[in-house]
S.K.: 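Here it is: the structure, laid out below.
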Amino acid sequence: MLTGAVMPELPEVETIRRDLDAHIVGRRISRADVLDASLVQAPAVDVFSRRLIGGRVRTVGRRGKYLRVQVAESWMVMHLMMSGRIYLQPASERVRHTRLVITFDRGPALHFVDTRRFGRAWLLSVSELDDLMADMGMEPLEDGFDGPKLHELLRDRQRAIKPTLLDQTIVAGIGNIYADESLWLARIHPATPAGSLSRRKLDDLAAAIGTALRTAIAHGGTSFRTFADARGRPGRNQERLNVFRRTGEPCPRCGRIVKRIVIGQRSTHICPGCQRIHR
DNA sequence: CATTGGACCTGACCGC
DNA sequence: TGCGGTCAGGTCCAAT
């Protein structure tokens, strides 16, 4: 059993959440081995492990790109950042770059594997969890995320729409892939000032974000690379991407050649035919 | 306030 | 084969 041969934006984290929900809820933690202390943000590593052991997993949730596992009365929070992965496999099967292994009373262990070591974990009380999540923006898959809501969130903002979508305090969970895909779907140039988008374009954008995220979840997320030693199921959504990392290929809608530009220091992929700067 | 640039890490890949 | 440069799905912090 393996989950997480995918890279983490909202759909990938949601895919992992569903796997964990199906496989670790109700299990009791028997070991918690932190192999890289820099992963654990709070509390101290020894307290983190000690407090987990003996606890039973109650729920597995997600907020934006954060995974939240309720263990007894505490919340174990994980953020995978750029290269984090979660594997469910026997505790003894350690791949390279394993940072944390949580072993249960039965079934596979949870492995947090992270090449670049940007990923983080916390074990928090309810109020500490609330503090950590305090600045998070709206969940784009929740009811009420629509054009009028985007209008409310984006009006008066001069910043380009793409970095605005990546700002987790406005909308939570969109990353570089789904920002590009959503803007392409809505035919919006990523450099368009957010506050200048018409009501109609904002309707399109809200719908496009929902479509991009839901499609990706339905296909198990996006994976760009599989590892020689990784077994299991990579995501399949990369086959459905329209512009992201498709530089030089034809736009599926109009046939113009997809171009890579840089906006806000991030790689950005657009169709120069479909996505023009205006309102 | 908003915006920009650098830092944090490791590895893959490309051209020479 | 080796070396240097570039790139990578994210976030935080300091400087402007």
Side-chain angles (χ1 to χ4, degrees), chain A residues 4-16 35-42 62-67 77-86 95-99 112-122 131-137 153-183 190-196 209 212-213 216-217 219-230 234-248 260-269:
Chain A
V6 292
M7 303 300 174
E9 296 185 34
L10 186 155
E12 291 71 35
V13 177
E14 178 60 20
T15 299
I16 295 167
L35 306 166
D36 179 353
S38 69
L39 173 72
V40 177
Q41 305 299 296
R62 177 191 59 75
R63 178 79 171 93
K65 302 171 193 170
Y66 289 89
L67 275 171
V77 179
M78 296 180 284
H79 196 302
L80 304 178
M81 296 293 271
M82 303 274 269
S83 60
R85 283 143 35 225
I86 303 271
V95 300
R96 204 174 166 205
H97 306 305
T98 300
R99 311 296 177 192
F112 189 131
V113 180
D114 184 17
T115 305
R116 292 174 70 181
R117 304 174 67 214
F118 291 161
R120 299 150 191 198
W122 298 256
D131 288 347
L132 184 66
M133 302 288 154
D135 294 331
M136 300 279 291
L153 294 172
L154 302 184
R155 76 176 157 212
D156 304 330
R157 294 186 189 269
Q158 302 305 305
R159 202 170 18 156
I161 184 62
K162 171 153 178 187
T164 305
L165 290 179
L166 295 177
D167 183 337
Q168 304 295 300
T169 70
I170 300 172
V171 178
I174 300 173
N176 212 30
I177 300 172
Y178 301 107
D180 282 5
E181 290 296 308
S182 301
L183 290 167
T192 312
S196 77
I209 290 168
L213 297 178
I217 292 170
H219 295 277
T222 299
S223 343
F224 284 116
R225 187 174 287 138
T226 47
F227 297 87
D229 58 352
R236 289 154 284 120
N237 194 63
Q238 60 278 10
E239 297 149 26
R240 315 189 81 83
L241 298 178
N242 294 293
V243 285
F244 193 82
R245 293 212 188 162
R246 296 209 175 280
T247 308
R260 176 186 177 275
I261 59 178
V262 175
I263 294 182
Q265 293 108 244
R266 306 297 302 276
S267 252
T268 299
H269 308 79

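Chain naming here is simple, since letters A, B, ... match the order of the sequence lines and numbering starts at 1 in each.
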S.K.: Can you check the A:L10 CG to C:dG9 C1' distance for me, whole Å?
M.R.: 13 Å
S.K.: Hey, are the side chains of A:I170 and A:R159 touching, using non-hydrogen atoms and a 4.5 Å cut-off?
M.R.: yes
S.K.: Could you work out the separation of B:dG5 and C:dT6 based on their P atoms and round it to a whole Å?
M.R.: 16 Å
S.K.: Stepwise, does the side-chain contact (heavy atoms from CB on, under 4.5 Å) test hold for A:D114 with A:D36?
M.R.: CA-CA 10 Å; A:D114 184 17; A:D36 179 353; over 6 Å; no
S.K.: Is there a side-chain contact between A:H97 and the phosphate of B:dC9, meaning an N or O under 4.0 Å from OP1 or OP2?
M.R.: no
S.K.: Applying side-chain contact (heavy atoms from CB on, under 4.5 Å) to A:L10 and A:R62, what does each step give before you reach the verdict?
M.R.: CA-CA 9 Å; A:L10 186 155; A:R62 177 191 59 75; 3.4 Å; yes
S.K.: Using the test ring-ring contact (aromatic ring centres under 6.0 Å, His included), find all partners of A:H79 that sit at least two apart in sequence or belong to another chain.
M.R.: A:Y66
S.K.: How long is the line joining CG of A:L165 and P of B:dT3, in whole Å?
M.R.: 13 Å
S.K.: Under 4.0 Å between any heavy atoms, over every strand shown, what does A:F244 touch: base, sugar-phosphate, or nothing? Just pick one.
M.R.: sugar-phosphate
S.K.: Indicate whether OP1 or OP2 belonging to C:dG9 is found under 4.0 Å from a side-chain N or O atom of A:R266.
M.R.: yes
S.K.: When you measure from the side-chain N and O atoms of A:R159 to the phosphate of B:dA2, is any distance below 4.0 Å, counting only OP1 and OP2?
M.R.: no
S.K.: Distance between the P atoms of C:dC13 and B:dC9, in whole angstroms?
M.R.: 14 Å
S.K.: How long is the line joining CD of A:Q265 and P of B:dC8, in whole Å?
M.R.: 17 Å
S.K.: To the nearest angstrom, how far is A:L80 atom CG from C:dT11 atom C1'?
M.R.: 13 Å
S.K.: Quick one: on DNA chain C, does A:R116 or A:Q168 contact a more 5' nucleotide (nearest heavy atom)?
M.R.: A:R116
S.K.: Taking only Watson-Crick and G-U wobble pairs with both distances under 3.5 Å, what dot-bracket line describes DNA chain C, where [ ] shows pairs that cross earlier ones and | shows pairs with another strand?
M.R.: .|||||||.|||||||
S.K.: Under 3.5 Å, is there a donor-acceptor pair between the side chain of A:Q41 and the main chain of A:S38?
M.R.: yes
S.K.: Verify the stacking flag for A:F118 against B:dC8: centroid separation must be under 5.5 angstrom and the ring planes must differ by under 30 degrees.
M.R.: yes
S.K.: After noting the C-alpha distance and the side-chain angles of A:F244 and A:N237, does the key distance pass the side-chain contact (heavy atoms from CB on, under 4.5 Å) rule?
M.R.: CA-CA 11 Å; A:F244 193 82; A:N237 194 63; over 6 Å; no
S.K.: Could you state the atom-to-atom distance from NZ of A:K65 to P of C:dG9 in whole Å?
M.R.: 10 Å
S.K.: P atom, C:dG9 versus B:dC13: distance in rounded Å?
M.R.: 16 Å
S.K.: Would you mind reading off the distance between A:Y66 atom OH and C:dT11 atom C1', rounded to a whole angstrom?
M.R.: 8 Å
S.K.: Ignoring backbone atoms, test whether A:S267 places a side-chain nitrogen or oxygen under 4.0 Å from the OP1 or OP2 oxygen of C:dA8.
M.R.: yes
S.K.: Check A:I263, A:L166, A:L183 against A:I161 for a side-chain contact (heavy atoms from CB on, under 4.5 Å) and give me the one that passes.
M.R.: A:L183
S.K.: C:dT11, B:dC9, C:dG9: which one has an atom nearest the side-chain heavy atoms of A:I177?
M.R.: C:dG9
S.K.: Report yes or no: is there a donor-acceptor pair, N or O only, under 3.5 Å between the side chain of A:E9 and the base of C:dG9?
M.R.: no
S.K.: Rounding to a whole Å, what distance do you find between A:E12:CD and C:dA8:P?
M.R.: 17 Å
S.K.: Between C:dA8 and B:dT3, how far apart are the C1' atoms? Round to whole Å, please.
M.R.: 23 Å
S.K.: Return the value, rounded to whole Å, for the distance between atom CH2 of A:W122 and atom P of C:dC12.
M.R.: 8 Å
S.K.: OP1 or OP2 of C:dT11 versus the side-chain N and O atoms of A:H79: is any pair under 4.0 Å?
M.R.: yes
S.K.: If you measure from CG on A:D167 to NZ on A:K162, what distance do you get to the nearest 0.5 Å?
M.R.: 14.0 Å
